[in-house]
Protein chains: 2
Amino acid sequence: MSPQGKNHEYICSVEAAINEIGGKWKSLVLCSLKDGTLRFSEINHKLPDISQRMLTKTLRELEKDRIISRKVYPEVPPKVEYSLTSKGESVIPILDSLCEWGKKYGASEENWEE
Amino acid sequence: MSPQGKNHEYICSVEAAINEIGGKWKSLVLCSLKDGTLRFSEINHKLPDISQRMLTKTLRELEKDRIISRKVYPEVPPKVEYSLTSKGESVIPILDSLCEWGKKYGASEENWEE
DNA sequence: CCGTATCCCGAGAGATACTG
DNA sequence: CAGTATCTCTCGGGATACGG
């Protein structure tokens with residue numbers, strides 16, 4: 001995500017927002033973190049269909065955008081905890097709204113020709 | 001978008017919502033329609049960087065998901081108008097929130113290694 | 001336990017040209 | 001004006017295997 005990097009003029013800031021929370025997994029990872037800190041394996045457990053590779057990648061992107069924070073415990077075996085930053089907390093209500101919206105207009109009973 | 005089609009169990013409905021309004025252009029098209037009905041060329045004018053092909057594709061997907069409606073006037077030259085459905089109207093406040101969020105936490109002043 | 005490193009594929013997206 | 005039709009290519013995303 002955020003392919004444009006720094007110098008890109010957004011027509012509207014929704015674009016910026018979608019870049020940060022869009023994609024296949026970001027919103028789900030954020031939702032899974034909304035009840036508190038989780039370890040890597042715990043997120044993976046909540047999202048069984050995501051691969052380790054994609055989970056890592058998604059977490060790195062969210063971290064880079066300061067939406068989540070990553071805390072490493074220098075132990076053996078490794079322990080890493082992920083949690084929402086204040087920026088991350090602030091987007092949760094919006095994700096909740098989206099969730100409600102998605103539930104209300106179930107993306108499922110319409111038309112599909114294929 | 002919505003690659004899974006009908007039979008897909010969502011862990012959370014945010015996923016469904018992101019499928020319907022995510023992607024590079026959908027949110028921008030919806031925002032451009034929030035002040036009322038627009039013709040194809042008018043949307044294109046508001047979003048100069050979108051190609052005709054992508055605009056058509058985006059409009060078709062939004063129409064398929066019943067988020068916008070398409071009205072054709074049988075004239076020469078052709079006239080086609082796009083407007084939000086009630087479902088579309090209902091997602092605008094959420095897009096506005098996203099816009100505010102994106103503006104507040106400018107996706108621009110952080111770190112980039114590359 | 002928490003990741004990288006590779007390899008790979010298809011969808012998303014761009015450019016350009018053409019048409020009813 | 002409002003689209004198709006092609007052609008191309010990047011890159012998001014999946015599968016699998018390996019590493020500290």
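The structure presented is a predicted model; accordingly, all values stated were derived computationally and were not measured. Throughout, protein chains are lettered first and strands after them, A, B, ... in sequence-line order, and every chain is numbered starting at 1.
- Of the two residues contacting DNA chain D, namely P77(B) and I50(A), the nearest-nucleotide position lying further toward the 5' end is that of P77(B).
- Within the 3.5 Å criterion, the main-chain N or O of T85(A) finds no donor-acceptor partner in the side chain of S69(A).
- Rounded to an integer number of Å, the gap from CG of L47(A) to C1' of dG13(D) is 15 Å.
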Expected string for nucleotides 15-20 of chain D under the B/S/- scheme (protein heavy atoms, under 4.0 Å, primed atoms plus P, OP1, OP2 as sugar-phosphate) is B----B
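- DNA chain D lies under 4.0 Å from at least one heavy atom of each of the following residues of residues 31-43 of chain B: R39(B), F40(B), S41(B).
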Yes or no on side-chain contact (heavy atoms from CB on, under 4.5 Å) for V80(A) and Y73(A), after CA distance, side-chain angles and deciding distance? CA-CA 6 Å; V80(A) 181; Y73(A) 294 85; over 6 Å; no
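- The NZ-P distance, from K24(A) to dC9(C), rounds to 18 Å in whole Å.
- Of the side-chain N and O atoms in R70(B), none sit less than 4.0 angstrom from OP1 or OP2 of dA2(D).
- Residue Y82(B) is classed as a sugar-phosphate contact, given heavy-atom separations below 4.0 Å to backbone atoms only.
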Evaluation steps, salt bridge (Lys or Arg N to Asp or Glu O under 4.0 Å), between E20(B) and K64(B): CA-CA 10 Å; E20(B) 296 200 351; K64(B) 171 165 168 274; over 6 Å; no
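- Across every non-hydrogen atom of L33(B) and Y82(B), the tightest pair is CD2-O, 3.4 Å.
- Between the side chain of E42(B) and the backbone N or O of R39(B), at least one donor-acceptor pair lies under 3.5 Å.
- Residues D96(A) and K34(A) are paired through a salt bridge, judged by an N-O separation under 4.0 Å between the basic side chain and the carboxylate.
- Atom-to-atom, CG of N44(B) to P of dT4(D) comes out at 14 Å; the value is rounded to the nearest Å.
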Could you walk me through whether D65(B) and Y105(A) pass the side chain to side chain donor-acceptor pair (under 3.5 Å) test, one step at a time? CA-CA 10 Å; D65(B) 289 334; Y105(A) 303 92; over 6 Å; no
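- Side-chain proximity of W25(A) to dC2(C), dG14(D), dC1(D): nearest is dG14(D).
- Rounded to whole Å, atom P of dG3(C) lies 13 Å from atom CD of E75(A).
- Put simply, the residue from I94(A), L95(A), L98(A) that forms a side chain to side chain contact (heavy atoms under 4.5 Å, CB included) with S27(A) is L95(A).
- Distance, L55(B) CG to dC1(D) C1': 13 Å, rounded to whole Å.
- I18(A) places its CD1 atom 16 Å from the C1' atom of dG12(D), with the value rounded to the nearest Å.
- Per the geometry, CD belonging to E81(A) stands 15 Å off P belonging to dC1(C), to the nearest Å.
- Summarising the geometry, the separation between CE on M54(B) and C1' on dC7(D) is reported as 16 Å, rounded to the nearest angstrom.
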Take R70(A) and R60(A), measure what side-chain contact (heavy atoms from CB on, under 4.5 Å) needs, and give me the verdict at the end. CA-CA 9 Å; R70(A) 178 173 184 262; R60(A) 292 293 176 279; 3.4 Å; yes
